[in-house]
Amino acid sequence: MAKPRIVAIDDEAEFINMLQDYFEPRGYDIDVSLRGARGIEIIKEKAPDVVLCDLKMPGIDGDEVLKLLKNMQPSPKLIFVTAYDDGGKTKARLLKLGAYAYFDKPITSLKELEDTINRASGN
Ligand SMILES: [Mg+2]
């Protein structure tokens, strides 16, 4: 099965670069954006299997990305990766709203994220 197509949106360039450095050599097709609005454009263009998304970003934030994705056909799975922590309240809310998974930053295991991406895309 082909590797999942990924779009990653995060306003932190270092984090985006780290994702690219991990996933590209492993054969994933990964596009990245520092801004939600551009990220949504890329998602419409590429129809990825999985979207990795930060929560707090200037402009279109993670909540809005989730809303937009839910109305897309096909709808990519959304995995949040965020340093935002309010004791799990936001995590529970976003999972209830349809997010596939929620990872805390800093990511302790990119392999775990990779496994979750593969599960999300049915691989
Ligand atoms: Mg951020």
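Note that these values count all heavy atoms, side chains included, but never hydrogens, waters or copies made by symmetry. In this chain, residues are counted from 1 in sequence order. Both counts, for ligands and for their atoms, begin at 1 and track the order of listing. Please read all numbers here as calculations on a predicted model, not as lab measurements.
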Self-check item: Heteroatom of D11 nearest to the Mg ion (ligand 1) (N, O or S, atom name)
Solution: OD1
Quiz item: Can you check whether I9's main-chain N or O pairs, donor with acceptor, with S33's side chain at less than 3.5 Å?
Solution: no
Quiz item: How is the N/O/S atom of D54 that comes nearest to the Mg ion (ligand 1) named?
Solution: OD2
Self-check item: Residue K56, metal the Mg ion (ligand 1), N/O/S under 2.8 Å
Solution: yes
Quiz item: Rounded to the nearest 0.5 Å, what separation is found between the NZ atom of K70 and the CG atom of L78?
Solution: 10.5 Å
Exercise. First locate atom OG1 of T82, then atom CG of D10, and finally report the distance between them rounded to the nearest 0.5 Å.
Key: 8.0 Å
Exercise. Dump the intermediate steps for salt bridge (Lys or Arg N to Asp or Glu O under 4.0 Å) on R119 and D115, then the final yes or no.
Key: CA-CA 6 Å; R119 256 200 321 276; D115 290 345; 5.8 Å; no
Practice problem: Would you check if the Mg ion (ligand 1) lies under 2.8 Å from any N, O or S atom of D10? | Solution: no
